[in-house]
Amino acid sequence: MLFPTTIAGSLPKPEWLAEPNRLWAPWKPPAENLATAKRDATLLAVKLQEDAGVDIVTEGEQARQHFVHGFLENIEGIDFAHKVEMGIRGDRYKAMVPQVVAPLHLRGRVHAFEAQAARAHSTHKLKFTLPGPMTIIDTIADRHYGDRIKMAFAFADLLNQEALALEADGVDVIQFDEPAFNVYMGEVNTWGIEALERAAKGLTCATAVHICYGYGIKANTDWKATLGSEWRQYEDFFPTIAKSSIQQVAIECRNSRVPLDLLKLLPGKVVQAGVIDVASDTVETAEDVAETIAAVMKVVPKDKIVATTNCGMAPMRRDIAEAKLRALGAGAKLARERFG
């Protein structure tokens, strides 16, 4: 099928699970009811995607407060009790983050609960997202390793353990989210891609990396306003990704200042093209989505295009996110009729 659809990963959480329109929102249900609430939200997220015409569904990251910290919570050697304030993404914004205080080890499975729930309740292909090594070390304080690269590869090994287990759970696509790639471009080439490949080592399911300019939150939109009329950061490291074993690259295309010509630097890769703008509450039409797909087709073979959202939808209003999901499904259907 041409132009299969998916989402970057996250969807807004129901109001009964966490405060809406907020990142790192605390859980609302009491501890004894939290697991059930997370499961219910996960199944709802899957159902919403299926009904909207999304072909490769995710669990919506409903069981995680944050896409990075949700992975860190089951790792030995991390102190969540004594968080410190740290600059994130090159000091673009500040966050309270946990600290690495000892050698890192998985206590057990991290995401089995939500992955298995999603797999048991959908016959669609299932994608699961994990934070990439570079983005993790940019979102946690180090009081043990004293070396960014050494710590990144330690996390890559843990990511690999969980990724292999997710594949065994029946996950069809494992995507590593690396928004830090367009902040530390030089490091992407020297060790970032190598760490990413370490995280994906041994996987036989499809592998992807999601690179973006961030959620539609003020700190990110203010930063993007300083980047000029063209965003060419990807030009520095797309050739390195092209040589890597990672099979798919997810990138924003709708209302983006990333020149689509840069996608020519990814020959042979499947491009998850963002056709839904998550930094705007304006809901796209099916025609909007089809037109963005048509623009991507000028530089990427149509059988290598997956239609997706520019980034995660976690901070969005639920009604808007759900309308955008429907636009994604309808627009891809229109594009198949038009270009198939």
Side-chain angles (χ1 to χ4, degrees), residues 6-31 33-46 48-49 57-76 78 80 83 88-89 95-98 104 106-119 121-122 126-140 155 158-159 161-163 165-166 169 171 173-180 199 208 210 212 214-217 250 278 309 311-316 318 321:
T6 189
I7 63 172
S10 66
L11 288 172
K13 295 177 176 63
E15 294 81 356
W16 42 261
L17 180 61
E19 182 181 337
N21 314 122
R22 177 182 169 189
L23 291 178
W24 281 294
W27 303 117
K28 286 187 176 181
N33 297 333
L34 184 57
T36 299
K38 287 180 176 180
R39 182 203 62 196
D40 292 349
T42 297
L43 302 188
L44 175 60
V46 170
L48 287 172
Q49 291 170 79
V57 300
T58 80
E59 61 5 304
E61 300 181 11
Q62 297 296 292
R64 307 179 231 180
Q65 278 189 313
H66 184 264
F67 81 104
V68 176
H69 291 183
F71 177 73
L72 302 180
E73 289 174 353
N74 208 33
I75 297 176
E76 196 74 44
I78 298 178
F80 272 89
K83 291 183 179 179
I88 302 295
R89 312 296 178 260
M96 296 301 294
V97 302
L104 298 167
L106 287 184
R107 294 191 184 99
R109 287 297 309 280
V110 181
H111 295 302
F113 169 79
E114 58 266 44
Q116 292 170 12
R119 181 70 289 162
H121 288 85
S122 181
L126 177 63
K127 180 170 82 172
F128 205 93
T129 59
L130 293 169
M134 182 177 286
T135 296
I136 290 178
I137 68 163
D138 194 48
T139 322
I140 192 168
F155 276 117
L158 303 189
L159 287 165
Q161 291 178 48
E162 180 64 14
L166 287 167
D169 289 333
V171 170
V173 183
I174 292 179
Q175 175 180 293
F176 298 94
D177 295 336
E178 283 285 23
H210 169 65
C212 71
Y215 290 123
I217 60 175
V278 301
T309 58
C311 190
M313 291 176 155
M316 295 192 77
R318 284 185 67 199

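The figures that follow rest on heavy atoms only: side chains count, while hydrogens, waters and symmetry mates do not.
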- [ ] Begin from the C-alpha positions of Glu59 and Lys38 and carry the test salt bridge (Lys or Arg N to Asp or Glu O under 4.0 Å) through to its verdict.
- [x] CA-CA 10 Å; Glu59 61 5 304; Lys38 287 180 176 180; over 6 Å; no
Open item on the list: Walk me through whether Gln49 and Leu11 qualify under side chain to side chain contact (heavy atoms under 4.5 Å, CB included).
Closed with: CA-CA 10 Å; Gln49 291 170 79; Leu11 288 172; 3.9 Å; yes
- [ ] Could you walk me through whether Val46 and His121 pass the side chain to side chain contact (heavy atoms under 4.5 Å, CB included) test, one step at a time?
- [x] CA-CA 8 Å; Val46 170; His121 288 85; 5.6 Å; no
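Evaluation of the side chain to side chain contact (heavy atoms under 4.5 Å, CB included) rule for Ala163 yields Leu130, Ile174, Phe176, Leu203 as partners, not counting sequence neighbours. His111 pairs by the ring pair (Phe, Tyr, Trp, His ring centres under 6.0 Å) definition with Phe128, not counting sequence neighbours. Remark: Glu76 pairs with Arg107 by the side-chain hydrogen bond (donor to acceptor under 3.5 Å, both in side chains) rule, at least two apart or across chains. Listed by chain and residue number, Asp172 satisfy the side-chain hydrogen bond (donor to acceptor under 3.5 Å, both in side chains) test with Arg119 (two or more places apart in sequence, or in another chain). Under the side-chain hydrogen bond (donor to acceptor under 3.5 Å, both in side chains) criterion, Glu162 pairs with Arg109, sequence neighbours left out.
Taking both residues in full, the closest heavy atoms of Ala208 and Val173 are given as CB-CG1, 4.5 Å, listed atom of the first, atom of the second, then distance. Of all heavy-atom pairs between Ser10 and Ala314, the closest is OG-N, 3.1 Å. Between Leu72 and Pro98, the closest heavy-atom pair is CD1-CG, 4.2 Å. The shortest heavy-atom contact between Asp177 and Gln175 is OD1-NE2, 2.9 Å. Closest non-hydrogen pair, Thr58 versus Gly9, comes out as OG1-O, 2.8 Å.
Note that the CD atom of Gln65 and the NZ atom of Lys13 stand 7.5 Å from one another [nearest 0.5 Å]. Remark: His210 NE2 to Ile7 CD1 distance equals 11.0 Å, nearest 0.5 Å. The structure places CG of Leu104 at 4.5 Å from CZ of Phe155, a figure rounded to the nearest 0.5 Å.
Contact check for Pro131 versus Thr139: no side-chain heavy atoms found under the 4.5 Å cut-off. Contact annotation: the side chain of Ile136 approaches that of Phe71 to within less than 4.5 Å [non-hydrogen atoms, C-beta and beyond]. The shortest distance between side-chain heavy atoms of Leu126 and Val57 falls below 4.5 Å. The shortest side-chain heavy-atom distance between Thr6 and Lys127 falls under the 4.5 Å cut-off. Proximity of Leu158 to Val110: side-chain heavy atoms (C-beta onward) are nowhere separated by under 4.5 Å.
Side-chain atoms of Thr309 come within 3.5 Å of backbone N or O of Ala8 as a donor-acceptor pair.
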Kindly list each side-chain donor-acceptor pair under 3.5 angstrom involving residues 14-26, sequence neighbours excluded, with atom names and distances?
{"unit_1": "Glu15", "atom_1": "OE1", "unit_2": "Arg318", "atom_2": "NH1", "d": "3.1"}
{"unit_1": "Glu19", "atom_1": "OE1", "unit_2": "Arg22", "atom_2": "NH1", "d": "2.9"}
{"unit_1": "Asn21", "atom_1": "ND2", "unit_2": "Met316", "atom_2": "O", "d": "3.2"}
{"unit_1": "Trp24", "atom_1": "NE1", "unit_2": "His69", "atom_2": "ND1", "d": "3.2"}

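Thr135 and Glu178 share a donor-acceptor pair across their side chains, judged by distance under 3.5 Å alone.
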